[in-house]
4 protein chains.
Amino acid sequence: MTLKNIDQLFQASLAQSDLSEKQKAVLQASLTLFAEKGFERTTTRDIATLAQVSEGTVYKQFKTKQQILDAILQPFITQVFPQAANEFIAELTARPVTSLHAFIQFIVYDRINFGLTNQKQLKVLVQQLLDNGRLLAELGQVFDKVLQGPIKSTLNQLQRQGELVNWSHARIFRHIISTVLGYVLPIIILPIADPDVEKITAEATEFLYAGLHQKKA
Amino acid sequence: MTLKNIDQLFQASLAQSDLSEKQKAVLQASLTLFAEKGFERTTTRDIATLAQVSEGTVYKQFKTKQQILDAILQPFITQVFPQAANEFIAELTARPVTSLHAFIQFIVYDRINFGLTNQKQLKVLVQQLLDNGRLLAELGQVFDKVLQGPIKSTLNQLQRQGELVNWSHARIFRHIISTVLGYVLPIIILPIADPDVEKITAEATEFLYAGLHQKKA
Amino acid sequence: MTLKNIDQLFQASLAQSDLSEKQKAVLQASLTLFAEKGFERTTTRDIATLAQVSEGTVYKQFKTKQQILDAILQPFITQVFPQAANEFIAELTARPVTSLHAFIQFIVYDRINFGLTNQKQLKVLVQQLLDNGRLLAELGQVFDKVLQGPIKSTLNQLQRQGELVNWSHARIFRHIISTVLGYVLPIIILPIADPDVEKITAEATEFLYAGLHQKKA
Amino acid sequence: MTLKNIDQLFQASLAQSDLSEKQKAVLQASLTLFAEKGFERTTTRDIATLAQVSEGTVYKQFKTKQQILDAILQPFITQVFPQAANEFIAELTARPVTSLHAFIQFIVYDRINFGLTNQKQLKVLVQQLLDNGRLLAELGQVFDKVLQGPIKSTLNQLQRQGELVNWSHARIFRHIISTVLGYVLPIIILPIADPDVEKITAEATEFLYAGLHQKKA
DNA sequence: TATGAATGAGCCTTCATTCAT
DNA sequence: GATGAATGAAGGCTCATTCAT
C-alpha cells in the first residue's frame, strides 16, 4: 500500500530515534511553525510555547535553531523521500504495468495525493531548497538512485514496447515532476481549500501521456 | 524586439519614478542582497553599505524594510511582468504564427532566456511567493489578463486550425510554464554556471509540442 | 616532616567529613575546574561530568554553586592553612634554630615548594581573595594566630640574639611573604614549566637575609 | 612632576581616541563595574545603565563584551604603563641620584602613591592577569623595556659606586615590586580606607635599602 | 539516594527604526 | 535632503537550580 502521508514516515522516523516525547513535540511544533511563518520568523519561544515545553528543553537536544531545521529536513532527504520512493516502487512492481497510460495515471494520482497530503512538510522543504542549493543537489541524488532501481526496468520495458519515448529516464522524470508540481505547488502556496484531485489527475495524465508516448510512425 | 532583461524594465520603471538617485541605489542594492541572502537575512546596514548611502537615507523614502521589498515586488507584478507580457505579445503578433511548433519553440526559447537572464529577480520573487499567497494570486491575475489579450486570438486560431488541443488557455499555459520552470528553476537555485540553452529549448519544445498538439483523428 | 602538598591535607579534611564518595568527587572536580577556568566560567555541568556524577547529585549536598566554592575555601582557611602552619612550626621547633640565615633559608625553601606543589589550589584561592576582601581578612587572622604560636619565641630569640631586626613580627612576615610570592605567583600564573627552585631559594634567601638581619652597630 | 593618577593618562588616551563621548562613558562605566563586581558578574545592561546609554550604543564600537575589557586593558599595557614609566624615569633623570637610599625612597613613595591612587584600575588589571598569562607576559615585556632605558644607567652608576648590590636589574626590580605590592595589594583588596602612606613608605624603604645596598667588605 | 530531564530567568547580541545635526 | 549615532525591543542561547522518577 503506497504511503501517502509523510507524517507517518516522519513519526516512524521519530519513533525509532532516541528523542524524548518533549523533544519530539519540539520537532512537531517547529515543523508547523516553520511552514506557517517560515524559519526566520519563527522564534524559539514560539516553538517552546506550541510544544508546551520550556525554552531550555528546546535546546537540550538541539544546540541551535538551525539544528532543529536540519533535524526536520535531514530525515526528509535521507529517509522519508527514499522510503516513500521505495514504497512507490514496490506498488509499481506489485502490479504489472499494462500500459503507459495506466503507468502515468498511477504515478500522477499517487504523487498528487502525496503532495496534497503533506502540504506542510513540502512547504518547509521548498522554502529551504530555495536558500540552499546543496539541499536540492542531495534531493537530486535521491531521485537518481530511484531511477537506478526497479523503476528502471519498467521504463525500459515501456520503451521497448514502443509505448514510451526513447528519452533519458531523467528527462522523462523531469517532465512528470514539473507537470505534477505545476498543479500541486499553487495549491500548497495559496492555499486552495478543496482541490479537485480527480480533475487534476485527469488533466496532468492526459497531458503527460500525450507528451511522453511514442508516436506511431 | 522582445525585452529579455528585467533590469531594463526595472530601470525604466525606476527612471519614471520620482525617486532620487540614492533611493534607486537602495532598491538596486536591496534586490541584489535579497536574492543572495534572502529578505530576512539582509540587514538595512547591508543595504546602506552596498548602496553607498547612510542608513538614514534608506528610511527617507521607505518607512520600513518591508516597504523596500514591496517597492521591488510591486513593479514586478504591476509593471514588469505586464510590460514583458505586452512586448512578448507584440513580438508574437508582429510575426504571423505559421505553426504550433514554431509558436511553442518561440515561447519556450524566449521564456527560458528571460528566466536565465533574470535569475536574481526571479529568485527574490519565488522566495516571496512562497511566503505570500496573495502575491501568487496577483501574479495569477496578471496571467489571466495576458490570456485575455491578443494571445487569445493566436491560441484560438491554432485551436481552430486543429493544431492545438482544445483545452482552456489557462491549462495550456500552466503546462508551458511548468515545463519551462522545470528547467529554469534548478538552474537558478543550484546555480548552474553555463546551461545549454539550445538543448534545453529543444527538449522542452519537443515535449510540449507532443503534449499540446492536436492528435489526428 | 613538613607537608608540602595541600592535596594530602585536603584529602584528609575530606576523609574526616561526612561527605559521600560522590560528594568528595564533586569537590575535587570543582577545585580542578575552578583553577583551570575560574569560578564563573565553570558550569555545574562541567563539574558533574568531571566528577562522573549527575547534576542532581551536585546539588544534593551543596545548595548552590557558591556553596561548593565555600566548601573548598573554608577548609583552606580553617584547616589546611592552620595545619600546614602547625606542621611547619613543628618542624621549626624540632630542629633548633642555629642562625637567622638558616631560619630564612628553611622558610623560603619550604614555602616555595609549598607554593609550587599546590599551584592549582593557590590559583583558586588568589582569584577569590581578589573578589572577596573578607576572605583575605580571615586569612590574615590565621597568620596572626600563627605568629602568636611557637614561632613567636623563635623570632623573639633571633631578635634577642641581635640577628633579626627589631621589627614587628607581622612586618617581618609581610616582607617574607611578599618576597616569596614575588617568585611564586608569576610561575603559577604564566605558568612556567620547570622553575629552578634552588636558584629561586638562593636569591630570595639572600635578599631577605640582607633585609632582615640586624646590622652591627 | 610624576603622574600619579592613571585616570589622567587613561583620560588622555581616551581623548586622543576617535571615540564619542558616549562610548568613552561606556569605557568609564565598564572600568568601574569590572573593578566592583568583576568582569563576569558585570552585565552589559549594568554598563549601559551606569553610562546612561542604551545597550545598543554599548555595541556600536565594541563588538563583544570581551572587546570592552580589551579596550580597557590594552591602553594599560601599551600606553598607560609605558608612559607612567617614562614620566617616572624623566623625574629620576631630572634630579641627580645622590644616594641609593634616596633612590629607593623615591621609587617606593612614588609607586605606593601610584598604586593607591589607582586602586580601581589595578584591581581590574590584577584580576585579568590571573586569568590570562599572556597579559602578564606582555606586562613583563614592558618592564624589560623600562629596564633598558635611562634607568639602566642610574642602576649601573649606583652599582659602580658600590652602593647597590651587583644583582641583575630584573632581580632588583622584582624585589622592589614585590615589597611595594606587599603593602599595596592588601589595601586595594580589603579595602583599607585610610592607609598611612608615610609609615608604609618608611617601612618598605627601610627594608629594601637593607636588602639591596652593598655590604661593606 | 541518585538521576538527568526540565525549567525559566537572564545574558549577550542584533537590527529595524528614529532623530539631532 | 543626508547623515550616522543612538535607541531599545526582541532574539538565540546558557546555565544554575529543581523535581519527578
Side-chain angles (χ1 to χ4, degrees), chain A residues 19-23 25-26 40-49 51-68, chain B residues 19-23 25-26 39-49 51-68, chain C residues 20-23 26 39-49 51-68, chain D residues 19-23 25-26 40-49 51-68:
Chain A
L19 296 176
S20 70
E21 287 308 311
K22 301 220 170 187
Q23 284 163 3
V26 168
E40 311 275 359
R41 281 195 289 267
T42 299
T43 72
T44 51
R45 178 170 295 252
D46 289 338
I47 295 171
T49 301
Q52 289 185 312
V53 143
S54 72
E55 275 200 77
T57 297
V58 173
Y59 281 89
K60 198 72 181 193
Q61 181 66 27
F62 311 104
K63 299 313 171 200
T64 66
K65 193 176 123 181
Q66 179 65 43
Q67 280 193 15
I68 300 177
Chain B
L19 296 175
S20 70
E21 287 307 311
K22 302 214 168 189
Q23 316 284 10
V26 167
F39 175 74
E40 310 277 358
R41 283 194 287 267
T42 298
T43 72
T44 51
R45 171 174 289 247
D46 289 338
I47 295 170
T49 301
Q52 288 185 315
V53 144
S54 72
E55 283 195 69
T57 299
V58 172
Y59 279 85
K60 200 69 189 184
Q61 180 68 23
F62 310 104
K63 297 311 169 200
T64 66
K65 191 176 131 184
Q66 179 64 45
Q67 281 191 16
I68 300 177
Chain C
S20 70
E21 287 307 311
K22 302 214 170 189
Q23 316 284 8
V26 168
F39 174 73
E40 310 276 357
R41 282 195 287 267
T42 298
T43 71
T44 50
R45 171 174 290 248
D46 289 338
I47 295 171
T49 302
Q52 288 184 312
V53 143
S54 73
E55 282 195 69
T57 299
V58 172
Y59 278 85
K60 199 69 189 183
Q61 179 68 24
F62 311 105
K63 297 311 170 201
T64 67
K65 192 176 131 184
Q66 180 64 44
Q67 281 192 15
I68 300 176
Chain D
L19 296 175
S20 70
E21 286 308 311
K22 301 221 168 187
Q23 283 162 3
V26 168
E40 311 275 0
R41 282 193 289 267
T42 299
T43 72
T44 51
R45 178 171 293 252
D46 289 338
I47 295 170
T49 301
Q52 289 185 313
V53 143
S54 71
E55 277 198 76
T57 298
V58 172
Y59 281 87
K60 197 71 181 193
Q61 181 66 27
F62 311 104
K63 299 312 171 201
T64 65
K65 194 176 124 182
Q66 179 64 43
Q67 281 193 15
I68 300 177

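Below, chain A is the first sequence line, B the second, and so on; all start at residue 1.
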Ignoring hydrogens, what is the shortest heavy-atom contact between [X] and [Y]? Give both atom names and the distance.
X: A:Lys63; Y: A:Gln67; value: N-OE1, 3.2 Å
X: B:Val26; Y: B:Phe62; value: CG1-CE1, 4.1 Å
X: D:Tyr59; Y: D:Thr64; value: CE2-CA, 3.9 Å
X: A:Ala51; Y: A:Ala25; value: CB-O, 3.6 Å

Below 4.0 angstrom, which residues in residues 40-47 of chain C have at least one non-hydrogen atom near DNA chain F? C:Thr42, C:Thr43, C:Thr44
Per [X] side chain, nearest of listed nucleotides [options]:
X: D:Lys65; options: E:dA2, F:dA16, E:dT13; value: E:dT13
X: A:Val53; options: F:dG12, E:dT7, F:dA6; value: E:dT7
X: D:Ser54; options: E:dA2, F:dA6, E:dA6; value: F:dA6
X: B:Tyr59; options: F:dG12, E:dT17, E:dT3; value: E:dT17
X: C:Lys22; options: E:dC12, E:dT3, F:dT7; value: E:dT3

Straight-line distance of [X] [atom1] to [Y] [atom2], nearest 0.5 Å:
X: B:Ser54; Y: B:Arg45; atom1: OG; atom2: CZ; result: 11.0 Å
X: A:Gln23; Y: A:Lys60; atom1: CD; atom2: NZ; result: 9.0 Å
X: B:Ile68; Y: B:Gln66; atom1: CD1; atom2: CD; result: 9.5 Å

Between D:Thr64 and A:Gln23, which has a closest nucleotide on DNA chain E that is more 5'? A:Gln23
Please test B:Phe39 against B:Lys65 for side chain to side chain contact (heavy atoms under 4.5 Å, CB included), starting from the C-alpha separation and ending with a verdict. CA-CA 9 Å; B:Phe39 175 74; B:Lys65 191 176 131 184; 3.7 Å; yes
Whole Å only: how far is the [atom1] atom of [X] from the [atom2] atom of [N]?
X: C:Gln67; N: F:dA16; atom1: CD; atom2: P; value: 15 Å
X: B:Gln52; N: F:dA2; atom1: CD; atom2: P; value: 15 Å
X: D:Gln66; N: E:dC11; atom1: CD; atom2: P; value: 18 Å
X: C:Lys63; N: F:dC19; atom1: NZ; atom2: P; value: 12 Å
X: D:Lys60; N: E:dC15; atom1: NZ; atom2: C1'; value: 9 Å
X: D:Gln61; N: F:dA6; atom1: CD; atom2: P; value: 10 Å
X: B:Phe62; N: E:dT18; atom1: CZ; atom2: P; value: 15 Å
X: D:Ile68; N: E:dC11; atom1: CD1; atom2: P; value: 14 Å

Can you check whether any acceptor in the base of F:dC13 is under 3.5 Å from a donor in the side chain of A:Glu55, or vice versa? yes
For residues C:Asp46 and C:Thr49, is any side-chain donor paired with an opposing acceptor at under 3.5 Å? no
Watson-Crick or G-U stems involving DNA chain F, each at least 3 pairs long, distances under 3.5 Å, ordered by first number: E:2-21 with F:2-21
